[in-house]
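As structure tokens, the structure follows; a few thoughts come after it.
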Amino acid sequence: DQQVKQNSPSLSVQEGRISILNCDYTNSMFDYFLWYKKYPAEGPTFLISISSIKDKNEDGRFTVFLNKSAKHLSLHIVPSQPGDSAVYFCAASPLGYSTLTFGKGTMLLVSP
Amino acid sequence: DTGVSQDPRHKITKRGQNVTFRCDPISEHNRLYWYRQTLGQGPEFLTYFQNEAQLEKSRLLSDRFSAERPKGSFSTLEIQRTEQGDSAMYLCASSPDGGSYNEQFFGPGTRLTVL
């Protein structure tokens, strides 16, 4: 039973365009959501997070949107750069709970 | 930079052997986590420490797995009688104490191959 789903295994985008990565969740107890980026042979690197009291959080080129009623969140990267090419993981946690539940990841390829 | 470090980065072992991995968290972080990642999957939670206390263990953590954090600083993860299904990337993460939200910082991982 996958509680965090990233249904697109891969995404290709041209440099300068917008990248939109999607994530769905099934556990209504989740109320804190994170995005991580992972390069090969490295551990995941924290990118951005959002709590359920917000519907948007922005940090530079990265914006995360949360739609609680649809149990859906998305990560927007604008403009996309070749260095953004990596695997992106969506993760979720209930309030005050210690562990993260991850999706399977989406591989983003940004071409020049 | 004192990020999360893990040692070794790679380990190849034969089935049935015991292996031990080490994780050094960010120095001011009280919480330490172990995850396992297999090909095509996201990281899966194994266990969690608050200082030296092991507060939570996943069902994934069979009897062959044991983790310790004796002085609340570094942690070790031991796998006894390794099986081929144990081949995976073992990730360690840490986070500061306090607050309701849980931003975890990961190390580079130890890749285990069981032959």
Side-chain angles (χ1 to χ4, degrees), chain A residues 1-10 21-25 27 29-54 57 59 62 64 66 75 86-107, chain B residues 1 3-10 21 23-26 29-51 53-61 88-111:
Chain A
D1 173 26
Q2 238 194 321
Q3 299 185 64
V4 177
K5 300 178 184 178
Q6 293 178 258
N7 291 321
S8 298
S10 62
L21 297 102
N22 293 304
C23 178
D24 297 291
Y25 62 96
N27 188 338
M29 297 299 291
F30 288 152
D31 72 344
Y32 185 55
F33 305 90
L34 308 89
W35 285 94
Y36 283 83
K37 178 170 74 173
K38 187 179 184 305
Y39 293 118
E42 294 184 13
T45 302
F46 171 75
L47 264 180
I48 192 169
S49 63
I50 189 168
S51 72
S52 59
I53 61 174
K54 295 184 174 181
N57 189 25
D59 184 2
F62 301 91
V64 56
L66 175 63
L75 174 68
V87 178
Y88 289 78
F89 290 99
C90 172
S93 174
L95 176 63
Y97 197 60
S98 54
T99 64
L100 296 177
T101 301
F102 284 83
K104 291 187 176 184
T106 296
M107 180 178 291
Chain B
D1 177 6
V4 178
S5 62
Q6 294 186 244
D7 183 69
R9 295 291 305 273
H10 303 274
F21 310 140
C23 171
D24 288 89
I26 294 170
H29 286 181
N30 293 331
R31 299 180 180 181
L32 187 148
Y33 313 81
W34 286 98
Y35 289 82
R36 181 176 70 185
Q37 185 178 15
T38 53
L39 195 62
Q41 302 294 319
E44 295 173 293
F45 169 74
L46 291 178
T47 189
Y48 153 61
F49 290 85
Q50 172 88 21
N51 298 311
Q54 189 173 17
L55 296 187
E56 195 171 341
K57 291 196 288 187
S58 163
R59 290 173 296 174
L60 292 176
L61 212 67
M89 175 75 84
Y90 289 84
L91 293 162
C92 177
S94 69
S95 69
D97 199 1
S100 303
Y101 298 115
N102 189 14
E103 197 176 288
Q104 297 178 18
F105 297 87
F106 283 81
T110 294
R111 179 163 295 284

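Values reported hereafter were calculated over all heavy atoms of this structure, with side chains retained and with hydrogens, waters and symmetry mates removed. Residue numbers begin at 1 in each chain, while the letters A, B, ... track the order of the sequences.
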In terms of heavy-atom pairs under 4.5 Å, which option from B/E56, B/R9, B/Q6, B/E44 contacts chain A the most? B/E56
At a heavy-atom separation under 4.5 Å, does B/Q41 approach chain A through its side chain, its backbone, both, or neither? both
Quick one: list whatever passes side-chain hydrogen bond (donor to acceptor under 3.5 Å, both in side chains) with A/N27, sequence neighbours left out. A/Q3
Separation of A/T99 OG1 from B/R31 CZ (nearest 0.5 Å): 11.0 Å
Which of A/A91, A/P44, A/G103, A/G105 touches chain B most, by non-hydrogen pairs under 4.5 Å: A/P44
Non-neighbouring partners of B/S5 that pass side chain to side chain contact (heavy atoms under 4.5 Å, CB included), sequence neighbours left out: B/D24
Passes side-chain contact (heavy atoms from CB on, under 4.5 Å), A/L100 versus B/Y35? Steps please. CA-CA 10 Å; A/L100 296 177; B/Y35 289 82; 3.5 Å; yes
Give, as side chain, backbone, both or neither, the part of B/Q37 having an atom under 4.5 angstrom from any heavy atom of chain A. side chain
With side chains defined as the heavy atoms from C-beta onward, is the minimum distance between B/E103 and A/Y32 less than 4.5 Å? yes
Looking at OG1 of B/T38 and NZ of A/K104, how far apart are the two atoms once the value is rounded to the nearest 0.5 Å? 9.0 Å
Can you tell which part of B/R111 gets under 4.5 Å to a heavy atom of chain A, answering side chain, backbone, both or neither? neither
